[in-house]
There are 2 protein chains.
Amino acid sequence: MTSRRVLTGSKQVSLEVIKRLSSYLRDLKTLENNGVTVVSSGSLAELLGISSVQFRKDLSYFGPFGKKGVGYNVCTLTAKLTELLGAGDCMGFALAGAGKLGSAIIQYSSLQRFNIKIMAAFDSDRRKIGKKIDGLVVADAKDMETTVRTMGLKIGVICVPAKAAQQVAERMASAGIIAVLNFAPTEIKILKKVHVSNVDICVEIEALSYFVRQSAT
Amino acid sequence: MTSRRVLTGSKQVSLEVIKRLSSYLRDLKTLENNGVTVVSSGSLAELLGISSVQFRKDLSYFGPFGKKGVGYNVCTLTAKLTELLGAGDCMGFALAGAGKLGSAIIQYSSLQRFNIKIMAAFDSDRRKIGKKIDGLVVADAKDMETTVRTMGLKIGVICVPAKAAQQVAERMASAGIIAVLNFAPTEIKILKKVHVSNVDICVEIEALSYFVRQSAT
DNA sequence: TTATGATTGTGAAAAATAGAACAAACATTG
DNA sequence: CAATGTTTGTTCTATTTTTCACAATCATAA
């Protein structure tokens, strides 16, 4: 897989690193809420289940954040990572497919805590259009392009059936969406400049099932 | 991250490979249903959005499946991959946390099509216990160990809030679960022999938000 | 049958990722 | 203040993953 990379100064950082940074931020916020003010890479790494070297290495792509001999100021590091990841200003996203999974994501409380907010939801099913989920009215899928463009949304989440996913993704892209989180069990082929992240629950479980089978022998 | 590996004959195969194999199988089934009998690595790779070499290389860990100069018999390859991944016999799993996301997964129709079946669901919330979701009655979380052990379940899916995830995972492990799919936004630290796959929707979107921010500059 | 074109499977090279090792910087203690 | 212990940031090394290159095999057509 040719993993997408992003320019940072002169270095290129893989999205695996970015995801880890996001999980660091997640746990740092917990520490912050618990009143912890300073943390070392060692103790945080233990909390995260990774090596302390990986933590420091990941941070090093974006500069020095700690104090040698001391550790990291939780507040400061949280703020820096928040800024780095663009998690400071509330990130809105559009969701296509207000079925079971889509509805669950709309109502997913953690997202709000992480400053991520569903701004519009769409469905082509007449029975779902107009339905109010957690205060958000499901709109007609035919209005997706207009709304996404008007609201200036950049992230799309796809929860439609596999056979509809490709077309939905293309329409999102044409409306200005440049990053897509795809839950549909199918690959999405789209312009290089649009980033697609796939989460296929079936694939995840099937991979685990292989692992289970191996352990049995 | 030290990615888990599994022994195959004398070779070790990463779980990334296994996940890709699962996605190959997914698309092969679609081809099979569409009446395609033979496919080349090139055309399938195009469908999957990867390189044809990666497809062949991934297969090569488990032996030769194709015919040189011709390609792959869709039926045969589907069967072999199904056997390889253990996707032949129905894989049952236990789910903890019958909230919005948990319920959505219980009702996720694709899972059934992939021979993956929810066998038991648990929650500690009195209001959810006894609730019937898609024919399955949500059981009391305190009975989890007993049920999981009795039914011989090996895969657990965690959809509980972050602060409960660690404990739930440990209890699952103690009951014989050896592979966990964790949707809770937290890391799970557990015995090495239990494989944990994390899907943190917040992290996924936050990583995309970084990508969006980069594209803007 | 023989030449040609297509496609697989794989060893070797390249790229990317993770890990080890250590100097530099800081705090603390005597 | 000096010595000691801690922790970061980074260079260098090892490992893993991906990609390249090409021989081997098969079908087809002349």
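Convention: sequence-line order gives letters A, B, ...; per-chain numbering from 1.
- Protein atom CZ of B/F55 is 15 Å distant from nucleotide atom P of D/dT18, rounded to whole Å.
- One can place CZ of A/F62 at 14 Å from P of D/dG9, the figure rounded to the nearest angstrom.
- Scanning residues 35-45 of chain B for heavy-atom distances under 4.0 Å to DNA chain C yields B/S40, B/S41.
- In the set D/dG9, C/dT8, D/dT18, the nucleotide with an atom closest to the side chain of B/Y61 is D/dT18.
- With rounding to the nearest 0.5 Å, the separation of CD in B/Q214 from CD1 in A/I178 is 10.5 Å.
- Taking atom CZ of residue A/R56 and atom P of nucleotide D/dG9, one finds them 8 Å apart after rounding to whole Å.
- Partners of A/Q107 under the side chain to side chain donor-acceptor pair (under 3.5 Å) rule, at least two apart in sequence or in another chain, are B/K100.
- Side-chain contact check for A/F183 versus B/I201: some heavy-atom pair is nearer than 4.5 Å.
- With values rounded to the nearest 0.5 angstrom, A/L59 atom CG is found 11.0 Å from A/Q54 atom CD.
- When all heavy atoms are compared, the tightest approach of B/I116 to A/C202 is CD1-O, 3.7 Å.
- In this structure, A/F65 places its CZ atom 9 Å from P of D/dG9, rounding to the nearest Å.
- The environment of NZ in B/K80 is sparse: at most 12 heavy-atom neighbours from other residues, nucleotides or ligands sit within 6.0 Å.
- Residue pairs meeting the ring-ring contact (aromatic ring centres under 6.0 Å, His included) criterion with at least one member in residues 24-46 of chain A, sequence neighbours excluded: A/Y24-A/F55.
- For the atom pair CD (A/E206) and CD1 (B/I18), the distance works out to 10.5 Å, reported to the nearest 0.5 Å.
- The neighbour count for B/K189 NZ, taken as heavy atoms of other residues, nucleotides or ligands under 6.0 Å away, is above 12.
- Residue A/L59 contributes atom CG, which lies 7 Å from atom P of D/dG9 at whole-angstrom precision.
- Nearest-nucleotide assignment on DNA chain C puts the 5′-proximal partner with A/S51, out of A/S51 and A/K68.
- The listed nucleotides are D/dT18, C/dG9, C/dT17; the one nearest the side chain of A/S14 is C/dT17.
- The nearest whole Å value for the distance from the CG atom in A/L15 to the C1' atom in C/dA16 is 14 Å.
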Could you run down the sub-3.5 Å N/O contacts of the protein with nucleotides 11-14 of chain C?
from   : atom 1 : to    : atom 2 : distance (Å)
C/dG11 : O6     : B/K57 : NZ     : 3.2
C/dA12 : N6     : B/K57 : NZ     : 3.3

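- Residue-environment remark: NZ (B/K67) stays at or below the threshold of 12 foreign heavy atoms within 6.0 Å.
- In this structure, B/I50 places its CD1 atom 14 Å from P of D/dC20, rounding to the nearest Å.
- Residues A/R113 and A/S110 bring a donor and an acceptor atom of their side chains to less than 3.5 Å of each other.
- Near DNA chain C, meaning a heavy atom under 4.0 Å from it, residues 69-85 of chain A has A/G69, A/V70 in order of number.
- Considering only the side chain of B/Q54, D/dT19 comes nearest among C/dG9, D/dT19, D/dA27.
- Across the protein-nucleic acid pair, A/D58 atom CG and C/dA18 atom P stand 7 Å apart, rounded to whole Å.
- Among residues at least two apart or in separate chains, salt bridge (charged side-chain N to carboxylate O under 4.0 Å, His left out) pairs with a member in residues 40-63 of chain B are B/R20-B/D58.
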